Number of protein chains: 2
Amino acid sequence: MKKNNCRSNCPLSITLDIIGDKWSLLIIRDMIFMKKKYYGDFLNSSEKIATNILSNRLKSLESHSFITKTKDSNNRSKFIYQLSKKGVDLFPILLEMILWGDKYNDNSSLPSEFIQKIKKDKDKMVHELLNSIN
Amino acid sequence: MKKNNCRSNCPLSITLDIIGDKWSLLIIRDMIFMKKKYYGDFLNSSEKIATNILSNRLKSLESHSFITKTKDSNNRSKFIYQLSKKGVDLFPILLEMILWGDKYNDNSSLPSEFIQKIKKDKDKMVHELLNSIN
DNA sequence: CTGTATCCTTAGGGATACTG
DNA sequence: CAGTATCCCTAAGGATACAG
């Protein structure tokens, strides 16, 4: 599940070895933009992740300390998944990917006001997010 | 080889569908930072990409117009691979990944001056790169 | 409903042979 | 040397059954 075969010490290569798959960043996205925190929330994202993959990725993200997993005090037998600071630090990567994906795809689903906001307030957004997890 | 099964219209998901693999961005990196442009150059990167994968990814990158492939006028039977504007626009993603990978990995191989430069001159670097391909 | 495990298919990728 | 093709193995991932 978790691959530790890092290919080189280039930081880019390291990053790709850890989060260079098709699902991890989508989960992070859901946490950030949709405020999702429960297993079922993630299952219902529009990309329809399979339940075994979700389980697998949550473990991987947790093992890399991108997220924390704590018992829901209201509902035992349920867990809350939350971003850690290390996870929030992926936000800039996310934003750049969103900007790129939007720029080069006509069918991008995001309203242009939001894209404008990202372009303008990128650093501010990162900051706010950091504050919000403390 | 080239997957067109896009999972959703979220720009992040779109981006991941196109360049969310372990090799494409490394090739782009070599083009930008190492000024590599020949097949053999890419083969010799420190991550030791297999020749069939390299061939495959170059085609994929070309099919998505990230790079152009032109005959070398000096040496027939040799091609020059070059970044297009669309490819250069991946640079911000690259930079954020480099910063992240460096921040969270002690064995990152990049000198800290370079990391500082990226942090400070990110936008400037993108600009210069854009100019250099015209 | 929250997950995990299992089965199975396909895609990614390594080694290497091969062609111009 | 530049690049493609083949062989084969492993990892990624979908479907679905199953357990708490």
Side-chain angles (χ1 to χ4, degrees), chain A residues 1-8 13 16-28 30-31 34 36-64 67-82, chain B residues 1-8 13 16-28 30-31 34 36-64 67-82:
Chain A
M1 164 204 102
K2 162 175 130 197
K3 295 226 321 172
N4 260 338
N5 329 359
C6 69
R7 293 169 292 176
S8 83
S13 158
L16 287 169
D17 285 339
I18 298 177
I19 51 138
D21 72 283
K22 308 251 183 210
W23 293 107
S24 296
L25 287 180
L26 292 182
I27 295 175
I28 304 287
D30 284 349
M31 287 183 149
M34 311 300 193
K36 293 186 180 178
K37 50 185 171 184
Y38 295 116
Y39 194 87
D41 297 340
F42 299 113
L43 264 189
N44 290 322
S45 68
S46 56
E47 289 86 9
K48 294 293 160 222
I49 187 171
T51 172
N52 60 332
I53 306 292
L54 175 59
S55 172
N56 181 299
R57 284 314 121 91
L58 286 173
K59 275 183 203 160
S60 164
L61 289 172
E62 191 192 359
S63 81
H64 284 104
I67 64 175
T68 59
K69 178 182 185 178
T70 52
K71 272 210 153 55
D72 187 354
S73 53
N74 297 326
N75 185 342
R76 322 292 298 160
S77 88
K78 200 174 181 181
F79 288 96
I80 303 181
Y81 299 94
Q82 279 172 302
Chain B
M1 161 205 103
K2 160 175 131 196
K3 297 226 316 172
N4 260 339
N5 328 0
C6 68
R7 293 169 291 175
S8 82
S13 158
L16 287 169
D17 285 339
I18 298 177
I19 51 139
D21 72 284
K22 308 254 184 209
W23 292 109
S24 296
L25 286 179
L26 293 181
I27 295 175
I28 304 287
D30 284 349
M31 287 182 147
M34 311 300 194
K36 294 184 179 178
K37 50 186 170 183
Y38 296 116
Y39 193 88
D41 298 338
F42 300 112
L43 265 189
N44 290 322
S45 68
S46 56
E47 289 88 9
K48 295 291 161 225
I49 188 171
T51 173
N52 59 332
I53 306 293
L54 175 58
S55 172
N56 180 299
R57 284 315 122 92
L58 286 173
K59 275 182 202 159
S60 164
L61 288 171
E62 191 193 0
S63 80
H64 284 105
I67 63 175
T68 58
K69 179 181 185 178
T70 51
K71 273 211 152 56
D72 186 356
S73 53
N74 297 326
N75 184 343
R76 322 291 298 159
S77 89
K78 201 175 181 179
F79 288 95
I80 303 180
Y81 299 94
Q82 280 172 304

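Nothing here was measured: the structure is a model prediction, and the numbers come from that model. Every chain is numbered from 1 and lettered A, B, ... according to where its sequence line falls, protein lines coming before strand lines.
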Nearest-angstrom distance from the residue atom CG of B:Leu43 to P of D:dC1: 10 Å
Options D:dT4, D:dG13, C:dG14, nucleotide nearest the side-chain atoms of B:Trp23: C:dG14
A:Lys71 NZ - D:dG20 P separation (whole Å): 14 Å
Whole-Å gap separating C1' (D:dG13) and CD1 (A:Ile49): 10 Å
Where B:Ala50 and B:Leu43 come nearest, the two heavy atoms and their spacing: C-CD2, 4.4 Å
Interatomic distance where CG belongs to A:Asn56 and P belongs to D:dG13 [whole Å]: 8 Å
Atom-pair distance (CG on B:Leu58; P on C:dG13), nearest Å: 14 Å
Touch class at under 4.0 angstrom, heavy-atom based, for A:Tyr38 against every strand present: nothing
Under 4.0 Å protein heavy-atom contact, by nucleotide of nucleotides 15-20 of chain C - B base, S sugar-phosphate only: BB----
Side chain proximity check, A:Ile19 to A:His64, heavy atoms < 4.5 angstrom: no
Between P of C:dG12 and CG of B:Leu16, the distance in whole Å: 14 Å
Salt-bridge present (B:Lys36, B:Asp30; N to O < 4.0 Å): yes
B:Gly40 vs A:Asp21, nearer the 5' end of DNA chain D by closest nucleotide: B:Gly40
Backbone N/O of B:Arg76 and side chain of B:Lys71: donor-acceptor pair under 3.5 Å: no
Separation of D:dA2 P from B:Ile53 CD1 (nearest whole Å): 19 Å
Between B:Ser55 and B:Tyr39, a side-chain donor and acceptor under 3.5 Å: no
Phosphate OP1/OP2 of C:dG3: any A:Tyr81 side-chain N/O under 4.0 Å: yes
Contact under 4.0 Å: B:Arg57 side-chain N or O vs C:dG12 OP1/OP2: no
Rounded interatomic separation in angstrom, taking CZ from B:Arg7 and P from D:dG14: 8 Å
Residue of the set B:Lys37, B:Glu62, B:Arg57 for which side chain to side chain contact (heavy atoms under 4.5 Å, CB included) holds with B:Ile67: B:Glu62
More than 12 heavy atoms of other groups within 6.0 Å of B:Lys69 NZ: yes
